[in-house]
Amino acid sequence: MTDRAVRRRRRALYLFFFLNGVAMSSWITRTPDVRDRLGVSTGEMGLVLFGLSVGSMAGILCSGRFVSRFGTRPVTALGTLFVIASVVVVGGGTALASAPLVAAGLCLFGLGIGAGEVAINVDGADVERITGRPVLPTLHGCFSLGTVVGGLAGMAATAAAFPAHWHLLAVAAVTAAMFGYAIGGVPAGIGVRAAVPASDSARPAGPQVWKDRRLLMIGAIVLAMALAEGAANDWLPLLMVDGHGLDAALGSLVFVGFAAAMTLGRFGGAFFLSRYSRAAVVRASAVSGAVGLCLVIFSDNAVVAAAAVLFWGLGASLGFPVALSAAGDSGPEETARVGLVATIGYVAFLVGPPTLGFLGDHYGLRPAMVVVLVFVAAAVLVAPAAGARGPRHGGAGAGASGEVAVERPGQRAGG
């Protein structure tokens, strides 16, 4: 590929992640309005959000096989089209006050972002091999940047009392235009061989990773930090509205602050990872997240709680990808190890929304977040399992064989 084609390709990958961030934060900032429009309780809203978790898990589980067979371009295209369509479905469900339709839209969103981001990660790793420069960390930073932009737009729409369904339809139109430009920059055939399954000789080693105590501790870190990030993505606007008495527009603004802190943490993470051990970075991230959560939960001052969200966002920004990188370096059979730890992390996204919704329905969302605080505090204690080895090129992304470790959608991967 020519230098110009590589630059176009890199811009296209950045735009795909940015697009996903815009789409996700657009409906997140409108969750108070959507909840009110649907007329559901906090617990029932948790079940609606469960559709996102189911879709994300399905997308992640299917994506590797599809990339291996068809390449990254069709999987990226199909996943992104699912994301765009999901915004339309969520908007339609909101207009019709149909909770099942909103849940179906969120399931479609999770399916699209789960499958699409894996393909983009494979493409990003290939660009890294071509250019010799890191791409994957910036990709996930672009996702967080997209959440900031989409969050600001959502906050403005909420403040103007602009109907949520018309707002989401407008977002679908804008993201469709982004997709039309970006897909032309992604070449065909990438990932067909890079994402092949492990050889038969390596297959028996997969189950053995369950016996690695250190790897399970790394899994605990991923579980805690994924829960911290997912809890904010699912519940933060409602937490500030119901738990601290803010109006919907200010609740959206607080989420934008969280997204901005995540963006800052991800773009600036390489600076700290190049100077400190992974264990130290994970510990500092967990401490920051715990401090932020503690203040949000126990402070009765809404201003203090809103400011504490910045510590929460900074803490959640690096824990998941750094722990995935540590899993890959923890021993032989890197693919099986990263796959196991990533699966443990996805458990948080699968069970987190309904669990926190159930607890919030019975005790309030602020007390429900104590569960998240306990997990993040535990991550401080097990942080040494992340090890002292420096970061690999591309973070949790590219392995020696060209395989790509999967980060949380929406970054998850982010998400």
Side-chain angles (χ1 to χ4, degrees), residues 10-31 52 55-56 59 76 79-87 90 105-106 108-121 123-124 135-157 167-168 170-179 181-183 226 229-230 232-234 236-237 252-269 309 313-314 316-318 320-321 349 395 397 406-415:
R10 185 167 54 224
R11 287 196 301 269
L13 298 180
Y14 291 157
L15 193 58
F16 274 119
F17 259 96
F18 179 81
L19 179 161
N20 287 336
V22 168
M24 188 185 78
S25 61
S26 294
W27 63 258
I28 287 177
T29 54
R30 303 312 299 264
T31 49
L52 174 65
S56 298
T76 298
T80 305
L81 289 174
F82 280 171
V83 168
I84 296 169
S86 74
V87 177
V90 172
L106 292 179
L108 187 62
F109 181 91
L111 182 64
I113 204 169
E117 284 194 10
V118 174
I120 303 171
N121 272 306
D123 241 309
V135 172
L136 290 171
T138 309
L139 282 179
H140 294 278
C142 287
F143 176 86
S144 296
L145 181 61
T147 63
V148 173
V149 173
L152 287 171
M155 180 193 68
H167 168 215
L168 293 177
V171 169
V174 171
T175 52
M178 294 182 191
F179 167 78
Y181 169 81
I183 192 62
E229 182 178 351
N233 287 339
D234 291 331
L236 186 53
S252 298
L253 178 60
V254 171
F255 173 76
V256 170
F258 174 85
M262 288 279 292
T263 303
L264 179 63
R266 284 177 168 166
F267 278 120
V309 166
L314 285 172
S317 63
L318 291 176
F320 195 100
F349 298 104
V406 180
E407 293 196 29
R408 180 204 51 76
Q411 347 107 13
R412 280 223 12 235

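The figures here come from the full heavy-atom set of this structure, side chains too, leaving out hydrogens, waters and symmetry mates. All values reported here derive from a predicted model rather than from experimental measurement.
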Problem - Criterion side-chain contact (heavy atoms from CB on, under 4.5 Å) on V83 and T175, from CA distance to verdict - result: CA-CA 9 Å; V83 168; T175 52; over 6 Å; no
Exercise for the section: Evaluate side-chain contact (heavy atoms from CB on, under 4.5 Å) for V171 paired with W27, printing each intermediate quantity in order. Expected result: CA-CA 9 Å; V171 169; W27 63 258; over 6 Å; no
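Within the 4.5 Å cutoff, the side chain of L236 has heavy atoms near those of the V309 side chain. Taking the side chain as every heavy atom from C-beta outward, M24 and F143 approach each other to under 4.5 Å. Using a 4.5 Å cut-off on side-chain heavy atoms (C-beta onward), S25 and V148 make no contact. Looking at heavy atoms from C-beta onward, F18 lies in side-chain contact with V149 at the 4.5 angstrom threshold. Contact of the F16 side chain with the I183 side chain is registered, since non-hydrogen atoms from C-beta on lie closer than 4.5 Å.
Distance CZ/F258 to CD1/I28: 9.0 Å, rounded to 0.5 Å. Interatomic distance, CG of L111 versus CG of L52, reported as 11.0 Å (0.5 Å rounding). Annotation: the span from F179 atom CZ to N20 atom CG amounts to 11.5 Å, rounded to 0.5 Å. Distance check: L15 CG to T80 OG1 gives 9.5 Å after rounding to the nearest 0.5 Å. Separation of atoms CG (L81) and CG (L108) is listed at 10.0 Å; rounding is to 0.5 Å. N233 contributes atom CG, which lies 5.0 Å from atom CZ of F255 (distance to the nearest 0.5 angstrom).
A259 and T147 get closest at one heavy-atom pair: CB-OG1, 3.1 Å. The shortest heavy-atom contact between L314 and A261 is CD2-O, 3.4 Å. Heavy atoms only, all atoms of each residue included: A182 and A12 are closest at O-CB, 3.3 Å. Taking both residues in full, the closest heavy atoms of I84 and A172 are given as CG2-O, 3.7 Å, listed atom of the first, atom of the second, then distance. Heavy-atom minimum distance, R266 versus G141: CB-CA, 4.3 Å. Closest heavy-atom contact between S317 and G265: OG-CA, 3.5 Å.
Under the 3.5 Å distance criterion, the side-chain polar atoms of T29 are left unmatched by any main-chain donor or acceptor of G151.
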